[in-house]
Amino acid sequence: MKPIVAELVASALRALPELAEAADGIDLDGTVERTRDASHGDFACNIAMRLAKPARKKPRDIAAIIVAALGDSATVDKIEIAGPGFINFYLSAQAFHAELERTLAQGASYGRQAPKEGPRINLEFVSANPTGPLHVGHGRGASYGATVGNLLEAAGYPVHREYYVNDAGRQMDILGASVWLRWLEANGVDVAFPLGGYRGEYIRNIADEIDTAGLDVPTAESVARGLPGDSDDDKDAYVDALVARAKALHGEDGFDRIRQQALESIRDEIREDLEEFGVHFDEWFSEQSLTKSNRVDDALAVLEERGMLYKQDGATWFPATQFGDEKDRVVVRENGVKTYFASDIAYHFDKRERGYDHLIDILGADHHGYVTRVRAGLEAMGYEADDLEVKLVQFVTLYRGGERVQMSTRSGQFDTLRQLRAEVGNDAARFYYVSRSNDQHLDFDLDVAKSQSSDNPVYYIQYAHARVASVFRQLGEKALTWDKANGRAQLGLLGEPQEKALMTSMSRYPEVLELAANNRAPQHLVHYLRDLANDFHTYYNAHAFIVDDAGLRDARLYLVSAARVVIANGLGILGVSAPEKM
RNA sequence: GUCCCCGUAGCUCAGUCGGAUAGAGCAUCAGAUUCCUAAUCUGAGGGUCAGAGGUUCGAAUCCUCUCGGGGACGCCA
């Protein structure tokens, strides 16, 4: 509805050359907004105030000129100039009825924009290291990323969802060594488990399952001989030596078999977890594939070519300070090993080279310090700094019975996404994870998320949806049918304040979607749906829908059918189910 | 030390290109309640938008500073 009002103003301005000139460069859509108070009408436009200075006229005088040029429209009942110079629009009942008709006609696509050609968006999220199961924090990144993806698609953009699998480097070696040691253990070979290793129970399970045909079980003595000690001060030496020993005993290929199986097992587990959570990716991008195809070297060559690398102390550096970073960064260490930063630059370069115009990274808040340098890398390779957009997701704290739930792996308490899903269900988890802005800490109350009452916003909203379905079941039980066409014809009978309020709320849906998509802010949709459900329940409590008067009944059923569509669409974007029955 | 986020009702929080009298839920209080669905309903009270300056027709919102809370800062991955 908002675009209709904005277009009215725009056409009035076209008829007023002297004002149109002053309005040049002002986004008219942005001057029209919903009113907070019904006494100000449905929409208000502040263009007159904005034009006061450039046009050198008083705001109220400008408003009068614009209003005079507005002319008649079936959409608008009344236009008033109010306050300092607002132009208030009171929309006709007919305008709201037309919106209801659109809602039912478009159904599942109501609120969505037509697909655009571009910009093509690459959306990377979760990207947790495949060294263990997803934990509760990853769940937030998963929900947020999936929902932002849905929002962007609803806004018409082509979106490619990508998970970057960090399957190369030292962490993978340590994972391999951890599994290897558990395998030895299961074969009666006891070697001290490294402090820097992965200690979770899942490592044992992997060790039990992997195919080790052709690998000889070494003696404890041959494994442990000559290894450095392990200590909290230096967790690296011992575990690194174990990796080297495993490679020596089984050969690179032998160790690689263990490592690769461990990686695949965990990655598959993560993938399954996410699929069950309703979070899908178009691509699982392997870091190994970057290395194997020499794309890290290619990216470094591009930097070299552009004079964006230098040597110092035996290492190769990238002058990140030239792009606003606080210090220069190493890309190749003194020992010849490329840093994680090097493959990260290469990865983002590769994404851009693959044809994505806009890159969005959704990262844990602990990656805060990484943003500047990755962006610097892209810029140094000739791309725009704005091509990369980073959304940081803050931490999650779980509460049960008003108490903070400890989430350390060591204490063995609440930890994994899987456990959370099992406890509160996918719907509640998806919903609560995106209920607050991504850049704010989230307190996740397990008791509320589980409760099946109106205290729980998820149930409150889903219940509104189920109630409409229930009403139609009731209709059937009373051997009545809904005459949709008659309902459309009789919408004029809907004059109750709750009906007007519900129609107004519903008509906001496309605007909320757009706002949420533009700001990558699903919480707007969450709050909107709660308000909408509230309007629906208030209506339901105040008036019976299945009344004797067939015209009124058909009209009310028309209205609530449309409400069902809006609620279902909104929940769909959030990845939450819209049940017919609860 | 540098940087980022946050501070709004008793509590949890909305308030997103600056807009009119700052909102919701919970809690509190007062009423209603044999009703299509049972997880009730209606209404009321409740505020120095952390504080101080600034920008302007207009500031919870933008800028500066102060106070208070949280987090990030590796030749780790």
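Keep in mind that what you see is a predicted model, and the values were worked out from it rather than measured. Computed over heavy atoms, backbone and side chain alike; hydrogens, waters and symmetry mates excluded. Each chain gets a letter, A, B and so on, in the order its sequence line appears, and its residues count up from 1.
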Picking from [options], which would you name as closest to the side chain of [X]?
X: M49(A); options: rA77(B), rC57(B), rU37(B); answer: rC57(B)
X: D439(A); options: rU42(B), rC5(B), rC75(B); answer: rC5(B)
X: H368(A); options: rC3(B), rU56(B), rC36(B); answer: rC3(B)
X: R333(A); options: rA72(B), rU37(B), rA77(B); answer: rA77(B)
X: E334(A); options: rC75(B), rA77(B), rA14(B); answer: rC75(B)

[N] pairs with which nucleotide, Watson-Crick or G-U wobble, both distances below 3.5 Å?
N: rU33(B); value: none
N: rC13(B); value: rG23(B)
N: rU2(B); value: rA72(B)
N: rU28(B); value: rA44(B)

Report yes or no: is there a donor-acceptor pair, N or O only, under 3.5 Å between the side chain of Y463(A) and the base of rA39(B)?
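Donor-acceptor pair under 3.5 Å: yes.
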
So which of residues 165-176 of chain A are in contact with RNA chain B, with a heavy-atom cut-off of under 4.0 Å?
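By residue number: A168(A), G169(A), R170(A), Q171(A).
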
Quote, to the nearest angstrom, the P distance that separates rU61(B) from rG18(B).
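To the nearest whole Å, 12 Å.
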
Parallel, tilted or perpendicular: which fits the ring planes of F536(A) and Y540(A), with parallel below 30° and perpendicular above 60°?
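F536(A) vs Y540(A) ring planes: tilted.
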
